[in-house]
Amino acid sequence: MKYLSTRAPTNSTERKRFGEILLEGLAPDGGLYLPEHYPQVDAATLFKWRDVYMNQGYADLAFEVLSLYIDDIPANDLRALCRKTYTEAVFGTPEIVPLRKLEDVQTDAGVTPLFIEALSNGPTLAFKDMAMQLLGNLFEYELVRRGDELNIFGATSGDTGSAAEYAMRGKKGVRVFMTSPYGRMSPFQQAQMFSLMDENIHNIAIDGVFDDCQDLVKAVSNDLDFKRHYKIGTVNSINWARLMAQVVYYFAGYFQATQSNTEKVSFTVPSGNFGNVCAGHVARMMGLPIDKLVVATNENDVLDEFFRTGVYRVRGSADTHETSSPSMDISKASNFERFVFDLLGRDGTRVNALFNLALAQTGQFDLSADPVFSQAATRYGFESGKSTHSDRLATIQDTFKRFGMMIDTHTADAVKVAREHLSPGVPMVMLETALPIKFAATIVEALGLEPHRPPKFEGIEALPKRVTRMAADPQLIKDFIVQHCA
Ligand SMILES: *Cc1c(COP(=O)(O)O)cnc(C)c1O
């Protein structure tokens with residue numbers, strides 16, 4: 001399997017191997033990597049994979065999916081990496097991503113089963129662990145193989161940074177330098193990150209807001225000599241390996257929601273940077289019988305606007321809302337370019353014109369008059385909807401009252417939007433992207449109850465903290481990195 005950039009000119013023949021793109025973020029032309037083609041899963045393979053998941057488990061299913069995309073790691077090594085990653089000890093259940101039935105919605109036209117797929121039982125209680133835990137093992141494997149090292153430098157307002165730290169802690173060849181806005185994360189999130197005592201994990205609390213942290217990352221990364229010399233890398237959601245790892249749980253969700261491979265299933269996905277639902281798109285392109293992919297947004301409705309109108313309009317920081325589903329508070333959806341590449345018949349020249357030129361000049365592009373726009377729904381199965389703070393409260397209350405189930409704010413956005421997009425007879429799987437304990441304040445607002453806390457997180461706020469506070473100055477950060485690379 002070879003990979004190409006979404007901005008590669010249509011006549012370009014430049015391709016890369018998996019091992020080359022694993023440690024890279026963006027392609028040099030500013031595009032995102034995608035496989036040259038989507039491997040097709042025929043009926044016999046899907047039949048076999050159902051058995052693999054049901055009888056051998058998630059790790060072996062992950063190996064089956066990943067081996068179609070990775071041919072430069074020997075099969076036995078790749079299988080061992082998958083088995084080391086997806087264990088009951090790390091993810092809490094033998095199914096890894098168990099499905100819970102919410103209800104059967106009855107209408108005159110038929111019965112629609114509603115399920116929640118639990119993706120949040122990893123070390124940081126959010127779905128980012130599903131991909132990041134694999135990435136940690138892949139990075140270590142590749143760096144040891146090359147005799148190389150990597151300094152991961154990033155900015156977080158919560159979920160991504162902690163998932164990265166828990167994935168990279170203790171890994172050979174990897175250090176993590178993670179900035180976060182001082183005093184702005186929830187006490188639970190701070191405790192999760194700052195209580196890590198591993199020598200290769202460095203928490204840096206910046207006097208400023210999240211945008212200041214991101215600006216620091218940009219400033220340091222723009223110093224190309226420094227970046228090269230200190231082997232600075234990232235783990236953001238545009239990394240292809242993260243997206244690929246997420247494809248697996250669409251298959252696992254499908255097998256649990258159906259009895260046979262003649263049935264179709266729809267998914268509703270709480271979306272921010274479009275990474276999660278893009279993995280659903282990849283699964284669908286491989287031939288998994290997915291009916292609809294429903295994109296659920298919060299008040300930051302960049303994606304809902306596109307799927308309703310054909311206009312993709314990036315927001316400025318002034319009109320990016322701070323919401324109670326904060327992991328979906330985005331001004332632009334960084335993985336969206338991958339879908340647009342497929343929608344436009346993989347025309348990299350045109351993708352470059354839209355994302356590199358039109359967006360830079362006007363902050364938007366408009367596909368409403370292009371015949372391909374309607375294919376987003378008709379050919380690719382996309383629908384969308386939006387949920388607000390009051391919708392979240394109402395959905396959390398309704399789900400708790402009728403089913404005794406406590407859901408987090410992001411999952412609530414999915415449940416609200418899913419109910420507006422049901423097709424009679426087609427099971428709807430809503431992806432749970434975090435546990436309620438991570439966003440306790442809104443749960444208390446909705447229910448007047450403290451969410452359940454898994455035993456391993458009992459009392460973490462009281463643990464000793466390992467964090468360095470710093471002014472938002474790129475030189476100070478560089479000095480810190482230099483000092484800790486010695
Ligand atoms: C990151 C995140 C999302 C958004 O996922 P994308 O892949 O960016 O669309 C949704 N919910 C939670 C809890 C998250 O951490």
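Only this structure's heavy atoms are used, side chains among them; waters, hydrogens and symmetry mates stay out. Since the model is a prediction, treat every value here as computed from it, not as a measurement. As the structure lists them, so they are numbered: ligands from 1, and atoms in each ligand from 1.
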Take the angle between the ring planes of Phe188 and Phe457 and call it parallel below 30°, perpendicular above 60°, tilted in between.
-> tilted
When Phe18, Tyr33, Tyr69 are each screened for ring pair (Phe, Tyr, Trp, His ring centres under 6.0 Å) with Trp240, the one that passes is Tyr69
Using heavy atoms and a cut-off under 4.0 Å, could you grab the residues that are in contact with ligand 1, chain by chain, numbers ascending?
-> Phe127, Lys128, Asp159, Pro270, Ser271, Gly272, Asn273, Phe274, Gly275, Asn276, Ser327, Met328, His410, Thr433, Ala434
Lys NZ or Arg CZ of Arg284 over Phe339 ring: under 6.0 Å, within 45° | no
Residues forming a ring pair (Phe, Tyr, Trp, His ring centres under 6.0 Å) with Phe274, sequence neighbours excluded = Phe336, Phe382
State which residues pass side-chain hydrogen bond (donor to acceptor under 3.5 Å, both in side chains) with Glu88; sequence neighbours excluded, sorted by chain then number.
-> none
Partners of Asn121 by side-chain hydrogen bond (donor to acceptor under 3.5 Å, both in side chains), sequence neighbours excluded?
-> none
